[in-house]
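In what follows, chains carry the letters A, B, and so on, assigned in the order in which the sequence lines appear, proteins first and then strands, with residues in each chain numbered from 1. Because the structure is a prediction, the values reported are computed rather than measured.
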2 protein chains.
Amino acid sequence: MKTKTTIRNLPAEQRRAVTVEAVIELAAEKNPASITTAEIAGRMQLTQGALFRHFPTKDALWQSVMEWVTAQLLGRIDKVIATTESPLEALELMFAAHIDFVVKHPGAPRMMFAELQRPDPTAAKAIAQTMLCNYSDRVGKLLVKGMKEGIIDPALDVAAASVMFIGMVQGLVMQSMIAGDIAVMLGNAKPLFALYARGIKK
Amino acid sequence: MKTKTTIRNLPAEQRRAVTVEAVIELAAEKNPASITTAEIAGRMQLTQGALFRHFPTKDALWQSVMEWVTAQLLGRIDKVIATTESPLEALELMFAAHIDFVVKHPGAPRMMFAELQRPDPTAAKAIAQTMLCNYSDRVGKLLVKGMKEGIIDPALDVAAASVMFIGMVQGLVMQSMIAGDIAVMLGNAKPLFALYARGIKK
DNA sequence: CGGAAGATTGTAATCAATTACTATTTTCCA
DNA sequence: TGGAAAATAGTAATTGATTACAATCTTCCG
């Protein structure tokens with residue numbers, strides 16, 4: 001298998017993938033809503049006009065970005081869920097996988113948040129909403145499973161616990177934005193989940 | 001005392017206040033980073049140019065908005081803290097006050113988040129950072145007080161619990177954005193805090 | 001050489017900000 | 001106390017920069 005050394009004249013599919021990655025990178029540095037097509041092109045050593053050869057509109061590009069985030073995040077957590085027996089352990093590994101993903105791609109949650117903020121019902125926004133619903137669903141299912149197994153408090157409010165789970169990630173993201181350092185998330189993830197576990201355990 | 005009925009020719013200070021409110025309103029409907037000066041002016045029945053009579057730059061306006069949010073939010077929670085003996089009860093009332101504020105002004109947390117995302121160290125961003133540090137500090141002090149009183153788990157990770165507290169608000173905001181309905185926060189606030197309390201109590 | 005990928009150049013719309021000007025209040029003293 | 005003068009508030013038009021997007025060349029590679 002030969003690896004491409006040149007970044008010019010990439011096949012279309014590969015170029016699209018590189019473009020999505022460039023957007024995620026940029027989203028880590030600034031407000032996603034303010035990212036311009038010129039900036040994206042500049043980041044990947046391309047002219048602005050060339051971008052529109054691979055994406056008909058900017059929104060189509062953003063749609064691809066949201067699909068990438070969805071595939072990445074849900075892919076990671078589904079792998080964890082599939083290989084873990086204990087629901088509580090699965091939740092912890094799922095949380096760790098989520099944080100790991102966010103640390104590796106800080107732009108991803110920002111894209112998510114920015115997309116949800118849009119007033120008009122775009123395709124990209126719908127993908128973001130669906131993704132979070134699916135995410136919340138998986139958390140809820142694990143909680144219910146834990147309740148049936150007698151590990152988790154049977155009186156637990158599953159909806160609240162799901163919101164809390166997502167809120168933990170958001171809280172860490174916010175903390176890292178205040179600190180201006182993404183890595184702080186890694187240090188705070190473990191005690192944060194311990195606190196969560198303490199709240200939901202039987 | 002006579003009340004002004006006209007919205008034209010307001011005194012400068014009053015006009016600035018109205019402008020800040022208009023921005024908060026707009027931020028509830030769309031991504032704060034995408035709010036234009038023309039939109040702000042349009043919302044308050046004013047021409048775009050007139051805005052720059054009261055604010056030298058757009059960033060100066062955003063600075064005023066962040067100061068307003070700071071004064072409102074910290075003002076509310078400080079009042080709660082000052083009039084409540086029990087630290088656990090204070091945390092619950094503080095959480096309720098925060099949610100109440102966010103429900104009344106959904107644009108406020110969005111402005112906060114958008115400002116924190118900016119790459120350049122603007123004055124507005126600094127205000128947002130300081131505000132959140134102060135907020136986190138107040139949560140931390142209440143937690144420590146509760147630990148001393150023997151109400152809260154002495155082994156609690158205060159930093160993690162502070163992140164979780166802010167994360168709860170963020171989680172609710174995110175949930176309301178997915179649902180497209182701000183009011184869902186009110187229904188989920190109580191069970192969410194109950195879950196939090198369960199995690200930090202002795 | 002033929003087609004896909006990229007460069008170059010261009011456009012209409014929109015952005016924050018400034019201009020020259022008018023309308024409205026407020027001030028203050030004869 | 002009335003009314004000219006000064007200060008303040010707002011308008012309409014315009015600025016140069018920037019935006020997403022399009023049309024037309026040019027290069028590369030099998």
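- Ion pairing of D120(B) with K125(B) is absent here, as no side-chain N (NZ or NE/NH1/NH2) approaches a carboxylate O to less than 4.0 Å.
- For T37(A), the side-chain contact (heavy atoms from CB on, under 4.5 Å) partners at least two apart in sequence or on another chain are Q48(A), L51(A), F52(A), K58(A).
- In this structure, CE of M44(B) is placed 10 Å from P of dT11(D), rounded to the nearest angstrom.
- Of the two residues contacting DNA chain D, namely L51(B) and G49(A), the nearest-nucleotide position lying further toward the 5' end is that of L51(B).
- Taking every side-chain heavy atom of T47(A) into account, dA7(C) is the closest of dG10(D), dA7(C), dA16(C).
- Residues from residues 55-66 of chain B with heavy atoms under 4.0 angstrom of DNA chain C, sorted by number: T57(B), K58(B).
- Relative to the side chain of Q48(A), the nucleotides dT24(D), dT18(C), dC21(D) differ in distance, and dC21(D) lies closest.
- Heavy atoms of other residues, nucleotides or ligands lying less than 6.0 angstrom from NZ of K190(B) number 12 at most.
- Picking from dA9(D), dA20(D), dC15(C) the nucleotide with the shortest atom distance to the side chain of T37(A) gives dA20(D).
- For K141(B), the NZ atom sits in a loose shell: 12 or fewer heavy atoms of surrounding residues, nucleotides or ligands are nearer than 6.0 Å.
- Residue H54(B) places at least one side-chain N or O closer than 4.0 Å to OP1 or OP2 of dG10(D).
- Of the residues listed (Y135(B), F101(B), F165(B)), the one engaging F95(B) in a ring pair (Phe, Tyr, Trp, His ring centres under 6.0 Å) is F165(B), and it is the only one.
- With respect to the salt-bridge test (charged N to carboxylate O, under 4.0 angstrom), the residues R198(B) and D157(A) do not qualify.
- For R15(A), a side-chain nitrogen or oxygen approaches OP1 or OP2 of dG6(C) to under 4.0 Å.
- Looking at residues 19-35 of chain A, you'll see that no heavy atom sits under 4.0 Å from any atom of DNA chain C.
- The CZ atom of F52(A) sits 14 Å away from the C1' atom of dA23(D) (whole-angstrom rounding).
- Spacing between atom CG of L46(B) and atom C1' of dA12(D) amounts to 13 Å, rounded to whole angstrom units.
- Closest approach to the R53(B) side chain among dC21(D), dT24(D), dA9(D) is made by dA9(D) (side chain taken as heavy atoms from C-beta onward).
- Classification of R43(B) and E29(B) as a salt-bridged pair holds, one side-chain N sitting under 4.0 Å from a carboxylate O.
- Interatomic distance, K201(B) NZ to L156(B) CG, rounded to the nearest 0.5 Å: 13.5 Å.
- Note that CE of M185(A) and CD of Q175(A) are 8.5 Å apart. Values are rounded to the nearest 0.5 Å.
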